[in-house]
*Asks:* 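There's a structure below that I have some questions on.
Just so it is clear, the model here is predicted, and its values are computed rather than measured.
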Amino acid sequence: MPTILERFYETHQKSAELYAGGQEVVAGGAAQSRVMYPHPFYVGRGDGAVKWDVDGNELIDYLIGFGSLILGNNRPEITEAVERQVRNGTHMGTTTPHEVRWAELITGLMPSAERVRFTASGTEATLLAIRLARGYTGKTRLVKFREHYDGWHDYVAIEAGITAPYGVPNETRSTVAVVEPDPDALEKYLSQDSDVAAVIMEPTGAHWGQFPVQNPHFLESVREITQRHGVLMIMDEVIMGFRVSRGGAQGKYGVMPDLCSMAKIVAGGLPGGAVGGRADIFEPMGDPDPAKRFVHPGTFNANPVSAVAGIAALEIIESEPITEMADAAADRLKNGLRNALTKQEVTGHVHGVSSIVHIALGVEGETNDQDISQVPHDQLMAATSGRKIEMLKLAMLNEGVDMFGGIGFMTSAAHTDDQVDRTVEAFERSLVALRDEGYI
């Protein structure tokens with residue numbers, strides 16, 4: 001019987017050829033940062049919660065555009081809006097009416113967004129939020145939490161867990177402080193440093209909740225501490241925005257940041273991002289004095305193609321129970337994964353909020369009433385790293401399921417009960433394969 005790796009090689013020959021060619025022309029071999037072992041696979045088409053790779057393999061899709069496709073692949077309203085706009089033009093060299101409608105939808109959904117400014121990506125959004133915070137407060141330093149991922153630019157790459165701070169100058173590092181994701185640690189640091197402009201965080205915990213916020217009062221505490229010290233709170237809603245609720249994490253947990261970064265769902269799966277927040281923080285962008293004005297250029301900021309995709313997506317999210325449907329799929333998946341672990345007598349832990357599902361093999365523990373893991377972060381980190389996780393990813397691909405790097409899943413409104421149940425069956429067969437090869 002072929003091994004997990006042999007099955008993958010056998011069914012992904014065209015992808016292997018593309019990767020070999022890509023290594024000659026694409027830095028790193030492939031443009032996507034999440035290159036997998038032993039090589040990436042290349043996808044040509046997606047529809048709903050399914051996609052097909054170049055070798056003809058059909059996959060139930062839980063990467064779902066790295067979380068951006070909460071409506072599923074190829075949602076007709078979005079593709080039709082994009083097609084119409086492409087025929088009208090991809091770039092006008094000026095603003096378009098779509099920018100206003102897009103911003104109106106965001107301010108209507110995200111509680112803290114009194115004003116909105118558009119960017120071309122989530123990384124640009126966090127960079128803009130930090131720049132706004134420093135300009136508004138007149139202070140220098142940024143505080144971020146250990147392992148929290150807020151993009152790849154210099155200020156947030158430090159101790160982010162995903163991106164090594166390659167090429168980040170020591171001078172830049174000196175303007176960033178990394179603290180443990182704990183209110184007491186934050187209070188201690190801010191009590192000793194009066195030059196902090198902002199604190200930035202993933203609201204549900206590091207790496208989209210892989211290492212979750214376990215203190216139920218964490219966000220409220222951060223809000224109170226930052227306000228008391230005159231520090232702005234930046235909530236990174238790039239993944240959680242419009243996913244954990246229509247109003248993002250701030251809407252779900254009732255905590256109002258000063259600024260929030262958005263991307264992924266905000267642009268309907270196309271390139272695009274935004275920063276929302278208090279109106280007074282954005283005032284320098286419209287200052288009549290050019291010497292005081294914060295000029296924020298960007299060739300593709302609020303570009304009309306991304307704008308119409310974002311409008312179409314947010315109008316659907318505003319009017320239909322999209323987050324509820326995605327949450328229901330995640331609940332069904334979590335229950336099924338837990339049953340599979342029990343049936344196969346494999347030690348493992350399933351957790352995650354709303355439409356996000358995390359799996360950690362080799363560790364056990366409780367979750368609270370919102371399915372937030374109570375397992376210590378160091379144990380979760382050990383259970384979600386190494387070759388075992390890479391092989392789980394491959395085993396699931398062999399069974400027709402594309403999951404997030406062997407550590408989790410994101411569901412969408414397009415995932416059906418049948419697809420979720422088939423995913424659970426695939427997971428059970430993958431556990432058998434992992435056991436047979438000695439990985440668990």
Side-chain angles (χ1 to χ4, degrees), residues 18 22 25-27 30-34 42-48 51-52 54 61 63-110 113 115-129 151-153 237-239 241-242 261-276 282 285-286 294-318 322 412 414:
L18 282 168
V25 290
V26 179
Q32 280 293 351
S33 62
R34 302 159 178 86
Y42 295 72
V43 173
R45 183 167 69 93
D47 191 65
K51 59 190 178 187
W52 292 264
V54 294
D61 184 10
L63 266 74
I64 214 75
F66 298 124
S68 64
L69 304 177
I70 197 169
L71 302 175
N73 293 278
N74 202 24
R75 178 83 178 208
E77 296 94 326
I78 295 177
T79 57
E80 290 165 9
V82 168
E83 287 171 358
R84 287 194 301 269
Q85 184 57 50
V86 167
R87 286 193 294 270
N88 289 333
T90 61
H91 206 301
M92 306 306 168
T94 183
T95 55
T96 71
H98 304 308
E99 179 179 16
V100 177
R101 176 58 180 154
W102 197 11
E104 287 173 344
L105 285 162
I106 295 169
T107 57
L109 289 167
M110 298 295 277
R115 297 289 186 275
V116 173
R117 188 77 180 192
F118 292 103
T119 65
S121 71
T123 288
E124 287 187 30
T126 61
L127 183 59
L128 174 58
W152 60 262
H153 62 76
E237 296 260 26
V238 165
I239 292 177
F242 317 103
S261 56
M262 295 163 276
K264 299 186 186 292
I265 293 171
V266 79
L270 268 68
V275 177
F282 288 90
M285 287 185 162
F294 174 15
V295 178
H296 171 238
T299 300
F300 293 102
N301 292 348
N303 76 85
V305 180
S306 293
V308 298
I311 290 167
L314 295 182
E315 285 181 341
I316 295 169
I317 290 168
E318 181 185 51
I322 298 302
S412 73

*Asks:* When rounded to the nearest 0.5 angstrom, what is the spacing between CD1 in I64 and NZ in K264?
*Replies:*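 Atom-to-atom, I64:CD1 and K264:NZ are 12.5 Å apart.
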*Asks:* Looking at L128, is its backbone amide N or carbonyl O close enough to the side chain of R117 to form a donor-acceptor pair, meaning the two atoms are under 3.5 Å apart?
*Replies:*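 Such a contact is absent between R117 side chain and L128 backbone.
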*Asks:* The criterion is side-chain contact (heavy atoms from CB on, under 4.5 Å); which residues satisfy it with A129, sequence neighbours excluded?
*Replies:* I234, L259, V275
*Asks:* Sequence neighbours left out, what passes side chain to side chain donor-acceptor pair (under 3.5 Å) with T119? Give chain and number order.
*Replies:* none
*Asks:* Please walk me through it: do T126 and S261 pass side-chain contact (heavy atoms from CB on, under 4.5 Å)?
*Replies:* CA-CA 6 Å; T126 61; S261 56; 3.5 Å; yes
*Asks:* Taking only residues two or more places apart in sequence or in another chain, which ones pass salt bridge (Lys or Arg N to Asp or Glu O under 4.0 Å) with E80?
*Replies:* none
*Asks:* What are the two closest heavy atoms between A309 and A267, and how far apart are they?
*Replies:* CB-O, 3.5 Å
*Asks:* V116: what forms a side-chain contact (heavy atoms from CB on, under 4.5 Å) with it, not counting sequence neighbours?
*Replies:*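 Result, side-chain contact (heavy atoms from CB on, under 4.5 Å) vs V116: A103, I106, T107, A113, F118, A274.
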*Asks:* Hey, could you give me the CG/CD1 distance between L105 and I317, rounded to the nearest 0.5 Å?
*Replies:* 10.0 Å
*Asks:* Do the side chains of F242 and M110 get nearer than 4.5 Å, heavy atoms only?
*Replies:*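 The answer is yes; the side chains approach within 4.5 Å.
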*Asks:* With the side chain counted from C-beta on, respond yes when E77 and L71 share a heavy-atom pair under 4.5 Å apart, and no when they do not.
*Replies:* no
*Asks:* Any side-chain heavy atom of W102 within less than 4.5 Å of one from V266?
*Replies:*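 A side-chain contact exists here, since the closest heavy-atom pair is under 4.5 Å.
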*Asks:* Search all heavy atoms of G48 against all heavy atoms of A414 and return the closest pair with its distance.
*Replies:* C-CB, 3.8 Å
*Asks:* Mind checking the CG-CD spacing from L270 to Q85? Nearest 0.5 Å is all I need.
*Replies:* 11.5 Å
*Asks:* By the side-chain hydrogen bond (donor to acceptor under 3.5 Å, both in side chains) test, which pairs, at least two apart or in different chains, include something from residues 298-309?
*Replies:* N303-S306
*Asks:* Which heavy-atom pair separates A313 from I78 by the least distance, and what is that distance?
*Replies:*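 That would be CB-CD1, 3.9 Å.
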*Asks:* Within the distance-only criterion (no hydrogens, no angle test), does the side chain of T123 pair as donor or acceptor with the backbone N or O of W152 below 3.5 angstrom?
*Replies:* yes
*Asks:* Under the side-chain contact (heavy atoms from CB on, under 4.5 Å) test, which residues partner V54, sequence neighbours left out?
*Replies:*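 For V54 the side-chain contact (heavy atoms from CB on, under 4.5 Å) partners, ignoring immediate neighbours, are K14, S15, L18, Y42.
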*Asks:* Got a sec, which residues hit side chain to side chain donor-acceptor pair (under 3.5 Å) with N88, two or more places apart in sequence or on another chain?
*Replies:* none
*Asks:* Please report the closest heavy-atom contact between S68 and G65, naming both atoms and the distance.
*Replies:* OG-O, 2.8 Å
*Asks:* Please enumerate all residues that pass ring pair (Phe, Tyr, Trp, His ring centres under 6.0 Å) together with H153, with sequence neighbours excluded.
*Replies:*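 Counting only residues at least two positions away or on another chain, H153 forms no ring pair (Phe, Tyr, Trp, His ring centres under 6.0 Å).
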*Asks:* Kindly write out the residues that satisfy side chain to side chain donor-acceptor pair (under 3.5 Å) with R101, not counting sequence neighbours, or none if the list is empty.
*Replies:*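 Once residues adjacent in sequence are excluded, the partners of R101 under the side chain to side chain donor-acceptor pair (under 3.5 Å) criterion are E315.
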*Asks:* Compare every heavy atom of P304 with every heavy atom of G89, then report the nearest pair and how far apart it is.
*Replies:* O-CG, 4.2 Å
*Asks:* Return the NZ to CG distance between K51 and N74, rounded to the nearest 0.5 Å.
*Replies:*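 Result: 13.5 Å between the selected atoms.
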*Asks:* Once you round to the nearest 0.5 Å, how far does OG1 of T79 lie from CG of D47?
*Replies:* 9.0 Å
*Asks:* Go through the structure and list residues passing side chain to side chain donor-acceptor pair (under 3.5 Å) with R115, not counting sequence neighbours.
*Replies:* none
*Asks:* With sequence neighbours left out, what residues match A263 under side-chain contact (heavy atoms from CB on, under 4.5 Å)?
*Replies:* V238
*Asks:* Holding to ring pair (Phe, Tyr, Trp, His ring centres under 6.0 Å), I want the full list of residues that pass it with F282, two or more places apart in sequence or in another chain.
*Replies:* none
*Asks:* Just how far is it from atom CG of L314 to atom CE of M262, taken to the nearest 0.5 Å?
*Replies:* 9.5 Å
